[in-house]
Amino acid sequence: MPELPEVEVVRRGLAAHVLGRRVKSVEVTHPRSVRRQAGGAAELGERLSGRVLRAARRRGKYLWLELGGPDGEVEAALLAHLGMSGQLLVQPADRLDELHLRIRLRFDDDGPELRFVDQRTFGGLTVTDVTGPDALPVPVAHIGRDPLDPAFDAEAAIGALRRRRTGLKRALLDQTLVSGIGNIYADESLWRAKLHYERPTATLSRPEGRRLLAAASEVMGEALAAGGTSFDALYVDVNGDAGYFDRALAVYGQEDRPCPRCGTPIRRAAFMNRSSFWCPTCQPRPRRRHV
């Protein structure tokens with residue numbers, strides 16, 4: 001699934017191409033893409049038609065467009081669930097429909113459309129209410145801030161990680177503690193910080209925690225500059241262009257290749273129905289405690 005850099009690339013594209021535009025009509029071509037909307041396609045169209053897209057926002061891996069009311073206040077949000085293959089594309093109205101087009105937004109200015117394309121139909125769009133001083137979509141209100149957020153409190157995040165009482169990578173993937181980090185950037189951050197993914201969070205010192213969060217900020221910032229990580233044609237920006245950070249990955253997907261730091265072959269292990277990649281020299285396994 002896309003992680004913070006990939007989602008931020010899409011957010012920036014939306015900010016450049018759809019803000020200030022009023023939705024004229026909504027077309028839904030697959031019911032699974034609106035399954036999270038209680039009233040389905042009819043409710044999505046009713047809540048979107050006539051609304052102006054005021055801002056493109058993100059928290060961690062979650063992306064939404066603010067829907068402005070007549071007085072300019074934020075009344076609701078169009079929340080995008082990208083899933084494993086969802087794409088938000090800005091396309092000329094006369095461009096042929098994509099094979100897996102699921103939702104189309106047309107605008108009053110008759111300019112480029114916003115299209116939601118999703119091959120595997122795990123994703124979708126939902127209009128949801130907002131809550132709190134930051135006008136967060138209700139389904140996102142419990143999500144923590146991410147390391148690239150100017151308001152991110154690193155010391156508070158380190159404390160939350162240390163209290164989690166689990167393996168370090170599992171804690172990093174908990175979006176309520178630190179958001180935006182998924183499987184790829186967890187492995188890359190842990191490698192940069194020289195920490196093993198099974199390291200118990202209770203043994204994490206505050207200096208190690210600072211080193212880990214700094215590594216996460218660094219690697220995701222570099223990935224963002226490269227347009228994100230695109231392993232196939234499914235991870236693209238609003239213009240359909242792929243990122244190229246996969247060329248700079250140190251450990252993720254690099255099994256048996258030499259560690260860029262010490263030359264030891266990278267190892268892979270099953271982890272939460274996915275995989276973890278690490279260097280056994282730079283990131284030694286934590287010692288087992290004897291009872």
Side-chain angles (χ1 to χ4, degrees), residues 1-16 56-64 80-89 123 143-152 154 157 161 168-169 171-175 177-195 197 209-255 257-261 266 268 271-272 274-279 282-283:
M1 295 178 66
E3 302 179 30
L4 185 157
E6 293 76 45
V7 176
E8 175 62 13
V9 166
V10 175
R11 189 204 66 78
R12 292 181 181 183
L14 294 175
R57 304 291 189 197
R58 177 191 58 76
R59 175 160 290 192
K61 299 186 286 185
Y62 295 83
L63 171 69
W64 66 93
H81 307 266
L82 297 180
M84 295 183 67
S85 60
Q87 302 171 341
L88 285 167
L89 303 177
I143 299 300
R145 294 186 183 274
D146 63 71
L148 299 188
D149 188 325
F152 179 70
L161 289 171
L168 192 48
K169 183 174 177 179
L172 279 179
L173 297 180
D174 184 339
Q175 301 299 296
L177 303 180
V178 180
S179 67
I181 303 174
N183 206 39
I184 296 173
Y185 299 113
D187 283 356
E188 292 295 305
S189 301
L190 288 164
W191 177 80
R192 292 191 182 206
K194 299 183 179 180
L195 295 168
Y197 69 94
R210 295 185 191 104
R211 191 169 79 231
L212 176 59
L213 293 180
S217 297
E218 181 182 77
V219 70
M220 290 194 294
E222 292 174 11
L224 178 57
T229 300
S230 299
F231 286 113
D232 55 37
L234 299 179
Y235 298 100
V236 296
D237 64 15
V238 298
N239 299 310
D241 297 325
Y244 52 89
F245 190 68
D246 59 299
R247 304 172 191 173
L249 293 172
V251 290
Y252 187 86
Q254 309 301 308
E255 184 180 13
R257 294 180 180 176
C259 169
R261 189 162 47 213
I266 298 300
R268 181 186 67 84
F271 178 84
M272 297 175 61
R274 288 172 284 183
S275 295
S276 276
F277 298 87
W278 83 100
C279 171
C282 296
Q283 302 164 266

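Here the structure is a predicted model, which means the values were calculated and not measured.
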Check your understanding: Salt bridge or not for Asp146 and Arg58, using N-O below 4.0 Å?
Key ->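 Between Arg58 and Asp146 there is a salt bridge, with a charged N closer than 4.0 Å to a carboxylate O.
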Identify the heavy atoms of [X] and [Y] that sit nearest to each other, and give their distance.
{"X": "Ala80", "Y": "Leu88", "value": "CB-CD1, 3.9 Å"}
{"X": "Pro147", "Y": "Ser179", "value": "CD-O, 3.6 Å"}
{"X": "Leu161", "Y": "Ala171", "value": "CD2-CB, 3.7 Å"}
{"X": "Phe152", "Y": "Ala157", "value": "CZ-CB, 3.6 Å"}
{"X": "Pro2", "Y": "Val7", "value": "CB-CG2, 4.2 Å"}
{"X": "Val178", "Y": "Ile181", "value": "CG1-CD1, 4.0 Å"}

Check your understanding: Got Leu195 and Arg211 here, is their nearest side-chain heavy-atom distance under 4.5 Å?
Key ->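 A side-chain contact exists here, since the closest heavy-atom pair is under 4.5 Å.
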**Study point:** Geometric class of the Phe245/Tyr185 ring pair [parallel <30°, tilted 30-60°, perpendicular >60°]
**Key:** tilted
Point to revise | By salt bridge (charged side-chain N to carboxylate O under 4.0 Å, His left out) - contacts of Arg192 (at least two apart) | key: Glu218, Glu222
Practice item. Taking salt bridge (charged side-chain N to carboxylate O under 4.0 Å, His left out) as the test, write out the residues that go with Glu3, two or more places apart. Key: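 Listed in chain order: nothing, the list is empty.
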Check your understanding: Could you go step by step and tell me if Trp64 and Arg59 meet the side-chain contact (heavy atoms from CB on, under 4.5 Å) rule?
Key -> CA-CA 9 Å; Trp64 66 93; Arg59 175 160 290 192; 3.9 Å; yes
Exercise for review: Give the intermediate values and the outcome of salt bridge (Lys or Arg N to Asp or Glu O under 4.0 Å) for residues Asp187 and Lys169.
Suggested key: CA-CA 8 Å; Asp187 283 356; Lys169 183 174 177 179; 2.8 Å; yes
Check your understanding: Got a second to check how far Leu82's CG is from Glu6's CD, nearest 0.5 Å?
Key ->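 These two atoms lie 10.5 Å from each other.
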Point to revise | Inter-residue atom distance Trp191.CH2 - Gln254.CD, 0.5 Å rounding | key: 10.5 Å
Check your understanding: Would Cys259 and Val251 satisfy side-chain contact (heavy atoms from CB on, under 4.5 Å), going step by step from the backbone distance to the final call?
Key -> CA-CA 7 Å; Cys259 169; Val251 290; 5.7 Å; no
